[in-house]
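Numbered from 1 within each chain, the chains take letters A, B, ... in sequence-line order. Nothing here was measured: the structure is a model prediction, and the numbers come from that model.
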Amino acid sequence: MRVSSEEELAEAVRGACAPLTVRGGGTRPVGSTGAGAALDVSGLAGITLYEPGALTVVAKAGTPLAALEAALAAEGQRLAFEPADWRGLLGTAGEPTLGGMVAANVSGPRRVQAGACRDALLGVRFVDGTGAVVKNGGRVMKNVTGYDLVKLMAGSWGTLGVLTEAAFKVLPAPEAAATVIIGVEGADAAVRVLSAALGTPFDVTGAAYLPGEGALVRIEGFAASVAYRAERLAAALGAHGPVAVEADAERVAALWCRVREVAPFHGKAGDVWRISVRPSDAPGLVARIGGAWMLDWGGGLVWALLPEGSDLRAALGPIRGHATLIRAAAATRARIATFAPEPAALAAISAGLRARFDPRGILNPGLMG
Amino acid sequence: MDLPVADRSVLARKAEIVARLRAAMADGAVIDDPAETRAYECDALAAYRCAPLAVVLPGSTAEVAAVLKVCHEERVPVVPRGAGTSLAGGALPTADSVILGVARMNRVLDVDYDDRFIRVEAGRTNLSVTGAVEEEGFFYAPDPSSQLACAIAGNIAMNSGGAHCLKYGVTTNNLMGVTLVTMEGDVVEIGGAHLDAGGYDLLGVVCGSEGQLGVVTEAVLRILPKPEGARPVLIAFGSNEVAGACVADIIKAGVLPVAIEFMDRPCIRACEAFARAGYPDCEALLIVEVEGAEAEIDEQLGLIRQTAARHDPVEFRESRSAEEAQKIWLGRKSAFGAVGQINDYMCLDGTIPVSALPKVLKRIGEMSRDFGLDVANVFHAGDGNMHPLILYDANKPGDLETCEALGAEILKLCVEVGGCLTGEHGVGIEKRDLMEVQYSAADMEAQMRVKDVFDPRWLLNPAKVFPLHMSAGRRAG
């Protein structure tokens with residue numbers, strides 16, 4: 001079923017008597033059971049409001065991310081949280097949409113400096129499981145009027161409601177960018193140098209480690225300022241290993257695209273896990289899990305490629321954080337939960353919310369526990 | 001202001017309830033003498049007062065849990081309280097409620113500079129969080145005006161902002177985890193020293209829920225390395241409209257100042273009389289602050305100067321020393337105090353799209369004349385968060401009511417132009433009855449469902465946020 005307006009969508013949900021699988025561009029089918037009839041919302045597209053002077057954009061949920069990013073780029077602005085395209089990683093086709101990005105709360109390397117998708121999200125409109133149209137938040141940067149359901153919707157994978165529109169804070173795109181590359185080996189050394197970089201006042205907007213390629217530290221801004229900070233960082237981090245500075249705009253962009261899209265794992269067999277931990281726990285974690293891995297967010301985000309069917313959570317031990325099984329065969333998914341199981345008290349709250357927003361249990365059943 | 005009818009059975013059992021609370025707490029942590037509970041009858045919104053049943057001041061998460069368990073069993077409403085600096089009446093008691101103050105819980109529990117977080121007890125004051133890490137060159141970004149006094153607990157409850165949000169965001173963007181005690185007395189950890197949620201973003205929902213979903217006893221906060229330097233400029237204009245247009249142009253120019261503050265003539269005049277900051281004689285002024293190394297600051301200020309020049313400023317004042325910088329901020333920082341010296345005032349907190357600034361300022365001027373009350377405007381222009389101060393005379397019969405009516409009209413205007421009722425102070429008791437201006441019945445229903453899940457008996461922070469007629473059925477259950 002394809003809908004092209006919020007009213008049609010509300011009617012479709014109200015009239016549904018069987019489960020629905022919400023679909024935007026279909027590029028992030030993480031843990032989807034596909035149990036219900038497809039509800040295609042890609043027809044709900046278009047930018048409804050863009051005010052560059054207010055750093056605000058509002059668009060319908062089915063809007064292709066590429067179209068939104070092009071409109072922002074035309075005004076010298078961008079989505080600061082750097083949403084990643086997962087098609088290469090997941091082997092999917094189609095067009096990533098705004099709604100899908102919000103539903104998955106997708107944030108890239110700039111998460112460490114500019115916040116996550118949920119932090120840039122100012123307002124949402126959605127249709128809940130009863131078919132009611134709900135709005136929350138708005139289009140202004142500071143808004144504490146009532147409860148923040150905007151955050152609740154981000155990362156809820158369409159299980160609490162079907163997004164129809166979202167408003168974002170956008171930021172100016174920088175004039176220049178550079179990457180300081182430190183030749184270190186191993187997670188221990190990498191997290192040490194990335195923590196050191198993130199502890200400087202030089203406004204680091206990316207801190208990643210690709211084994212074999214070194215620790216990568218990104219800075220962005222006005223050209224003179226980027227040059228100044230690259231020099232200061234190179235001096236400050238030199239004790240950790242040999243330092244090189246990449247200042248070519250295209251090569252800097254391509255490198256961070258590889259980090260964002262987890263390019264080292266593209267086309268490689270195995271299960272892909274995405275693990276959020278405190279950075280200093282990352283070295284211990286990667287030592288225990290084996291397999292291939294890479295680090296983003298200064299070590300706070302671990303991407304791991306494991307042999308099919310291995311349960312990474314068993315290796316987490318006492319480490320606090322959460323692991324999501326991003327890519328896996330159906331047989332693995334049948335055995336290992338896609339999303340991290342929550343402690344009983346939180347699980348009860350989550351289940352309670354879901355039961356109230358979708359009392360008939362028709363929105364993406366089976367997804368998110 | 002309507003409050004729900006007090007539960008008579010609770011009032012009748014006061015002695016028994018107080019005895020149970022005493023048994024659950026360390027000595028002296030329960031106050032029920034009316035002379036001593038007076039200090040808790042209101043918060044910074046002093047126009048509304050109500051004596052609580054009792055006040056408890058627990059010293060640990062375990063004591064908070066014990067108190068909540070007793071209150072849940074006895075069906076006693078609980079009003080969580082941080083430092084009591086709410087401007088929205090967020091900590092106003094009801095006659096049948098127990099005030100649960102966390103001010104005694106103010107320790108730093110853990111600091112990690114490599115992982116860039118601090119874990120504190122929630123009663124700790126905002127400024128003393130930065131105080132705990134500044135020697136190592138770090139700071140905690142959200143900086144509400146009351147930061148010397150206000151507690152992290154209240155910051156989380158109201159999702160507080162401050163002057164530097166344009167760059168650093170508000171509380172919710174700097175909060176990584178909480179220890180939350182539910183009304184039933186269960187202690188749950190949400191989030192932690194890692195980023196983002198693995199399941200639903202419950203942390204995002206708790207932040208800004210005005211103490212109605214649980215009591216936050218500990219918080220993990222993101223700390224940031226301090227920038228190398230910061231410098232403000234002052235730009236004076238011949239009209240509010242031109243100043244407003246300049247704000248939008250600065251943002252469009254690709255500069256991201258850490259703060260853009262706006263003051264109009266009535267406010268400038270009050271500040272001059274009070275703080276003698278030496279502000280120019282003008283209709284409106286902006287204080288724009290940028291950060292970085294000296295050369296970086298020069299470059300950004302150069303761009304701002306070019307942008308401002310297109311709007312014929314009356315004056316563009318740079319600061320060449322720390323003293324001059326301080327002087328630029330002096331008037332703005334003393335604005336509320338200055339206005340308070342000459343008048344009683346009510347501080348509003350609506351947010352508007354930055355593009356609507358000139359129109360809204362013009363309309364506020366017209367409304368001010370219609371209602372016969374002066375309005376001084378001082379606000380965070382970069383993010384559209386306005387703080388119109390309505391001046392009135394508390395001793396003049398009817399003046400407070402006129403002031404409230406004007407305030408409501410201004411907030412309705414904020415919503416009408418695409419903004420909201422409150423940008424950083426919260427709904428509390430003050431804006432509760434205006435919620436329907438911004439939200440439909442379905443919008444409110446969705447929010448109240450969240451409350452149903454966390455606090456099924458609706459005992460936490462009663463009478464706030466939701467208009468009483470909308471929550472009546474739920475509260476009765």
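- For A/D281, no part lies under 4.5 angstrom from a heavy atom of chain B.
- Using a 4.5 Å cut-off between heavy atoms, B/R222 contacts chain A through its side chain alone, with no backbone atom that close.
- With a threshold of 4.5 angstrom between heavy atoms, B/K431 does not approach chain A through any atom at all.
- Of the listed residues B/V255, B/I251, B/I352, the one with more heavy-atom pairs under 4.5 angstrom with chain A than any other is B/I251.
- Contacts with chain A were tallied for B/S440, B/S160, B/G418, B/G192; B/G418 has the most, counting heavy-atom pairs under 4.5 Å.
- When each of B/G199, B/G384, B/P353, B/G208 is checked for heavy-atom pairs under 4.5 Å with chain A, B/P353 comes out on top.
- Residue A/P279 touches chain B through both its backbone and its side chain, counting heavy-atom pairs closer than 4.5 Å.
- Of the atoms belonging to B/V205, heavy atoms from both backbone and side chain fall under 4.5 Å from chain A.
- Here A/S107 contributes atom OG and B/D196 contributes atom CG; the two are 5.5 Å apart, rounded to the nearest 0.5 Å.
- With chain A as partner, the option from B/I250, B/N159, B/D249, B/L357 having the largest number of non-hydrogen pairs under 4.5 angstrom is B/N159.
- Interface residue B/D112: only side-chain heavy atoms are found under 4.5 Å from chain A.
- Using a 4.5 Å cut-off between heavy atoms, B/A356 does not touch chain A at all.
- Heavy atoms of B/V437 lying under 4.5 Å from chain A are absent altogether.
- Near-neighbour residues of residues 140-153 of chain A relative to chain B, defined by a heavy atom under 4.5 Å from a heavy atom of that chain, comprise A/V140, A/M141, A/K142, A/N143, A/V144, A/T145, A/G146, A/Y147, A/D148, A/L149, A/K151, A/L152.
- The distance from atom CG of A/L346 to atom CD1 of B/I190, rounded to the nearest 0.5 Å, is 5.5 Å.
- Comparing A/T159, A/T324, A/V133 by how many heavy-atom pairs each has under 4.5 Å with chain B, the most go to A/T159.
- No side-chain heavy atom of B/V188 sits less than 4.5 Å from a side-chain heavy atom of A/E342.
- The distance from atom CG of A/L49 to atom OG of B/S355, rounded to the nearest 0.5 Å, is 7.5 Å.
- Counting heavy-atom pairs closer than 4.5 Å to chain B, the top residue among A/A347, A/A355, A/A351, A/G199 is A/G199.
- Neither the backbone nor the side chain of B/Y168 has a heavy atom closer than 4.5 Å to any heavy atom of chain A.
- In this structure, chain A has a heavy atom under 4.5 Å from the side chain of B/L202, while its backbone stays farther away.
- Under the 4.0 Å criterion applied to side-chain N and carboxylate O atoms, A/R118 and B/D201 are assigned as salt-bridge partners.
- Of the listed residues (A/R274, A/R192, A/M368), the one with the most heavy-atom contacts under 4.5 Å to chain B is A/M368.
- Between the side chains of A/S195 and B/Y113, no donor-acceptor pair is found at a separation under 3.5 Å.
- Between chain A and the options B/M448, B/E189, B/H425, the largest number of non-hydrogen pairs under 4.5 Å is found for B/E189.
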Please step through salt bridge (Lys or Arg N to Asp or Glu O under 4.0 Å) for the pair A/R356 and B/E445, ending with a clear verdict.
CA-CA 10 Å; A/R356 277 170 181 78; B/E445 169 67 25; over 6 Å; no

Go through it in stages, so that I can follow the logic: the residues are A/F357 and B/V453, the test is side chain to side chain contact (heavy atoms under 4.5 Å, CB included), and I'd like the CA-CA distance, side-chain angles, deciding distance and then a yes or no. CA-CA 11 Å; A/F357 279 85; B/V453 172; over 6 Å; no

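- Ranked by heavy-atom pairs shorter than 4.5 Å toward chain A, the options B/P227, B/G254, B/G161 are led by B/G254.
- There is no contact between B/L224 and chain A, counting heavy-atom distances below 4.5 Å.
- Note: B/R116 CZ to A/R278 CZ = 11.0 Å, rounded to the nearest 0.5 Å.
- In this view, A/D296 satisfies the salt bridge (Lys or Arg N to Asp or Glu O under 4.0 Å) rule with no residue, not counting sequence neighbours.
- Between B/H194 atom NE2 and A/I275 atom CD1 the span is 12.5 Å, to the nearest 0.5 Å.
- Of the possible polar contacts, none joining the A/S156 side chain to the B/Y200 backbone as a donor-acceptor pair under 3.5 Å is found.
- Between the CG atom in B/D114 and the OG atom in A/S280 there is a gap of 7.0 Å [rounded to 0.5 Å].
- Annotation: maximal heavy-atom pairing with chain B below 4.5 Å, among A/P172, A/A54, A/S276, occurs at A/S276.
- Along residues 290-301 of chain B, the residues that come nearer than 4.5 angstrom to chain A, judged on non-hydrogen atoms, are B/A293, B/E296, B/E299, B/Q300 in order of number.
- Both the backbone and the side chain of B/V450 come within contact range of chain A, with heavy atoms under 4.5 Å apart.
- The part of A/Q113 that comes within reach of chain B is its backbone (N, CA, C, O), which places non-hydrogen atoms under 4.5 angstrom from that chain.
- When the salt bridge (Lys or Arg N to Asp or Glu O under 4.0 Å) test is applied to A/R139, the partners found at least two apart in sequence or on another chain are A/E51.
- Between chain B and the residues A/V112, A/T200, A/L198, A/V191, the largest count of heavy-atom pairs under 4.5 Å involves A/L198.
- Salt bridge annotation for A/D128-B/R449: present, with a cationic side-chain nitrogen under 4.0 angstrom from a carboxylate oxygen.
- Using a cut-off of 4.0 Å between Lys/Arg side-chain N and Asp/Glu carboxylate O, A/K169 and B/D383 are scored as not salt-bridged.
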